[in-house]
Number of protein chains: 2
Amino acid sequence: MGKIKTSSTNFENKSNLATGCPEAYAVNLIKGQWILSICYCLKNARLRFSEIRNQIPNITERMLTLQLKQMEENKLILKYVYAEVPLRVEYELSEIGKGLLPILERLGDWGQHHREYLEAEAFK
Amino acid sequence: MGKIKTSSTNFENKSNLATGCPEAYAVNLIKGQWILSICYCLKNARLRFSEIRNQIPNITERMLTLQLKQMEENKLILKYVYAEVPLRVEYELSEIGKGLLPILERLGDWGQHHREYLEAEAFK
DNA sequence: ACCCATACTTACATAAATGTTCGTTCCTTA
DNA sequence: TAAGGAACGAACATTTATGTAAGTATGGGT
């Protein structure tokens, strides 16, 4: 993702929306391409970096690193580092991260319903 | 937004996630920068293009056009065109679009809570 | 001395989303 | 004849997100 440019119009718009609208603020926390997959993996388990990677087929190590870092900064997950060899790092959902799960479930139900609706429309 | 490149890895990943995971599918429908603002405007009203534009301070006509088009393609909104002069076009939330509102409300509550939590953390 | 695995990091390249500017079409009114 | 508002569209530039390939640090095992 790289650094963002705090002088751009785009950045300013994003900030304004995130400040004024909690829905937009929330969506910004979860719209990363792999974040929901990671949430799903960590739903009922505390996992290591490599375990997450193996459960998400097409993710690269770079993207996994970036998304985990972002989630940690946003306090959606907790990170545990064990000074062993080889290094062991584990991740789990935070309390506030877990609070997202039931909402995501409803959003998923809506998405499922929406998809079926669109497919039915396509037939007509 | 322009055309997307259906041969890219990025596109393929997005497709796979949207196919397999209804949560990711749903987030894709609402992650556009201005889509939630538009939903908010149309929550209780059927509005013209220019009315929406005036209610969302920093949006450009181009972005409003693009996001409305995307929402219409995804059947989140309905578009009514009246052959008058000057031209009149109105938009309103579809049934399935309205179904999103209560979920967004819960997401907004969570976002609000999350934001306050982060701010409290920053004090410590 | 060398290799191994883990969990990254860095540099670079591409794709996608958003922003800026200008133009267009319709008909009406001045 | 000119001007004007509504709702866009096109060309181009910038910013952000994602992908690819390679390298690093660690310390133990062989």
Side-chain angles (χ1 to χ4, degrees), chain A residues 1-18 24 27-38 47-54 56-72 77 79-91, chain B residues 1-18 24 27-38 47-54 56-72 77 79-91:
Chain A
M1 295 163 179
K3 340 236 172 231
I4 70 169
K5 203 155 187 175
T6 57
S7 62
S8 70
T9 304
N10 189 342
F11 175 79
E12 200 181 328
N13 284 337
K14 269 204 180 81
S15 302
N16 288 341
L17 288 171
V27 168
N28 273 332
L29 298 181
I30 59 171
K31 75 177 178 187
Q33 185 124 196
W34 305 98
I35 288 183
L36 295 185
S37 299
I38 295 171
L47 297 179
R48 312 181 54 162
F49 183 88
S50 52
E51 290 172 322
I52 301 173
R53 167 166 45 78
N54 293 337
I56 305 179
N58 294 312
I59 199 170
T60 61
E61 294 198 337
R62 175 180 135 85
M63 283 314 296
L64 182 52
T65 302
L66 286 174
Q67 305 267 284
L68 285 171
K69 186 189 292 182
Q70 184 187 324
M71 293 172 79
E72 195 201 350
I77 57 174
K79 179 177 182 176
Y80 302 92
V81 181
Y82 299 91
E84 302 173 357
V85 171
L87 184 57
R88 182 160 61 102
V89 181
E90 293 183 350
Y91 297 92
Chain B
M1 299 163 165
K3 339 232 174 235
I4 69 169
K5 202 156 186 176
T6 57
S7 62
S8 71
T9 305
N10 191 341
F11 174 80
E12 200 181 328
N13 285 337
K14 267 203 182 80
S15 301
N16 288 341
L17 288 171
V27 169
N28 273 331
L29 298 180
I30 60 172
K31 75 176 178 188
Q33 187 125 198
W34 306 97
I35 288 183
L36 295 184
S37 299
I38 296 170
L47 297 179
R48 314 181 53 162
F49 184 88
S50 51
E51 291 172 322
I52 302 173
R53 166 164 46 76
N54 293 336
I56 305 179
N58 294 311
I59 198 169
T60 62
E61 295 198 337
R62 175 180 135 84
M63 283 316 295
L64 181 53
T65 302
L66 286 175
Q67 305 268 282
L68 285 171
K69 186 190 292 183
Q70 183 187 325
M71 292 172 80
E72 195 202 351
I77 57 175
K79 179 179 184 176
Y80 302 91
V81 181
Y82 299 91
E84 301 172 0
V85 169
L87 184 57
R88 183 159 62 98
V89 182
E90 294 183 351
Y91 297 92

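The chains referred to below are lettered A, B, ... by the order of the sequence lines, with proteins before strands, and numbering in each begins at 1. Just so you know, these numbers use all the heavy atoms, side chains as well, and skip hydrogens, waters and symmetry mates.
Regarding contacts with the backbone of C/dA16, every side-chain N or O of A/Gln33 stays at 4.0 angstrom or more from both OP1 and OP2. Phosphate proximity of C/dA17 to A/Asn10: absent, as no side-chain N or O sits under 4.0 Å from OP1 or OP2. Residue B/Thr60 has no polar side-chain atom (N or O) positioned under 4.0 Å from OP1 or OP2 of C/dT18. Contact annotation: B/Thr9 reaches the phosphate of D/dT20 (side-chain N/O to OP1 or OP2, under 4.0 Å).
For A/Asn13, the side chain to side chain contact (heavy atoms under 4.5 Å, CB included) test picks out A/Thr9, B/Gln33, B/Trp34, B/Asn58, with sequence neighbours left out. Applying the side chain to side chain contact (heavy atoms under 4.5 Å, CB included) test to B/Thr60 and every residue at least two apart in sequence or in another chain returns B/Arg62, B/Met63. Remark: A/Glu61 engages A/Arg53 in a salt bridge (charged side-chain N to carboxylate O under 4.0 Å, His left out) (not counting sequence neighbours). A search for side-chain hydrogen bond (donor to acceptor under 3.5 Å, both in side chains) contacts involving A/Asn28 returns A/Lys31, not counting sequence neighbours. Every residue meeting the side chain to side chain contact (heavy atoms under 4.5 Å, CB included) condition with A/Leu87, not counting sequence neighbours, appears here in chain and number order: A/Val81, A/Val89. Take B/Glu12 and apply the side chain to side chain contact (heavy atoms under 4.5 Å, CB included) test, not counting sequence neighbours, and it matches B/Asn16.
In this structure, the NZ atom of A/Lys14 is 9 Å from the C1' atom of D/dA17, given to the nearest Å. One atom, CD1 of B/Ile4, and another, P of C/dT18, lie 13 Å apart when rounded to the nearest Å. In this entry the distance linking CH2 of B/Trp34 with P of C/dG19 reads 6 Å, nearest Å. Across the protein-nucleic acid pair, A/Ile52 atom CD1 and C/dA7 atom P stand 9 Å apart, rounded to whole Å. When rounded to the nearest whole Å, the span between CG of B/Leu64 and P of C/dA17 equals 18 Å. For the pair A/Lys3 NZ and C/dC12 P, the interatomic distance rounds to 14 Å; values are reported in whole Å. Taking atom CD of B/Gln70 as the reference point, atom P of C/dA17 lies 8 Å away to the nearest angstrom. Atom CG in A/Leu29 sits roughly 16 Å away from atom C1' in D/dA17 (whole-Å rounding).
Residue order along DNA chain C, read from the 5' end via each residue's closest nucleotide, puts A/Lys69 first among A/Asn13 and A/Lys69. Taking for each of A/Ser7 and B/Lys31 the nucleotide of DNA chain D with the nearest heavy atom, the 5'-most of the two is the partner of A/Ser7.
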Base-pairing string, 5' to 3', of DNA chain D - Watson-Crick or wobble, under 3.5 Å, | interstrand: ||||||||||||||||||||||||||||||

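Across all non-hydrogen atoms, the minimal contact from A/Leu17 to A/Ala24 is O-CB, 4.1 Å.
Atom CG of A/Leu68 is separated from atom CD1 of A/Ile38 by 4.5 Å, given to the nearest 0.5 angstrom.
Just one of B/Glu90, B/Met71, B/Glu72 meets the side-chain contact (heavy atoms from CB on, under 4.5 Å) condition when paired with B/Lys79; it is B/Glu72.
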Any N/O pairs under 3.5 Å between the protein and nucleotides 3-8 of chain D? List them or say none.
| residue | atom | partner | partner atom | Å |
| --- | --- | --- | --- | --- |
| D/dA6 | O3' | B/Arg48 | NH2 | 3.0 |
| D/dA6 | O3' | B/Leu87 | O | 3.1 |
| D/dA7 | OP1 | B/Arg48 | NE | 3.2 |
| D/dA7 | OP1 | B/Arg48 | NH2 | 3.2 |
| D/dA7 | OP1 | B/Val89 | N | 3.3 |
| D/dA7 | OP2 | B/Ser50 | N | 2.9 |
| D/dA7 | OP2 | B/Ser50 | OG | 2.9 |
| D/dC8 | OP1 | B/Lys79 | NZ | 3.2 |
| D/dC8 | OP2 | B/Tyr91 | OH | 2.5 |
| D/dC8 | N4 | B/Glu61 | OE1 | 2.6 |

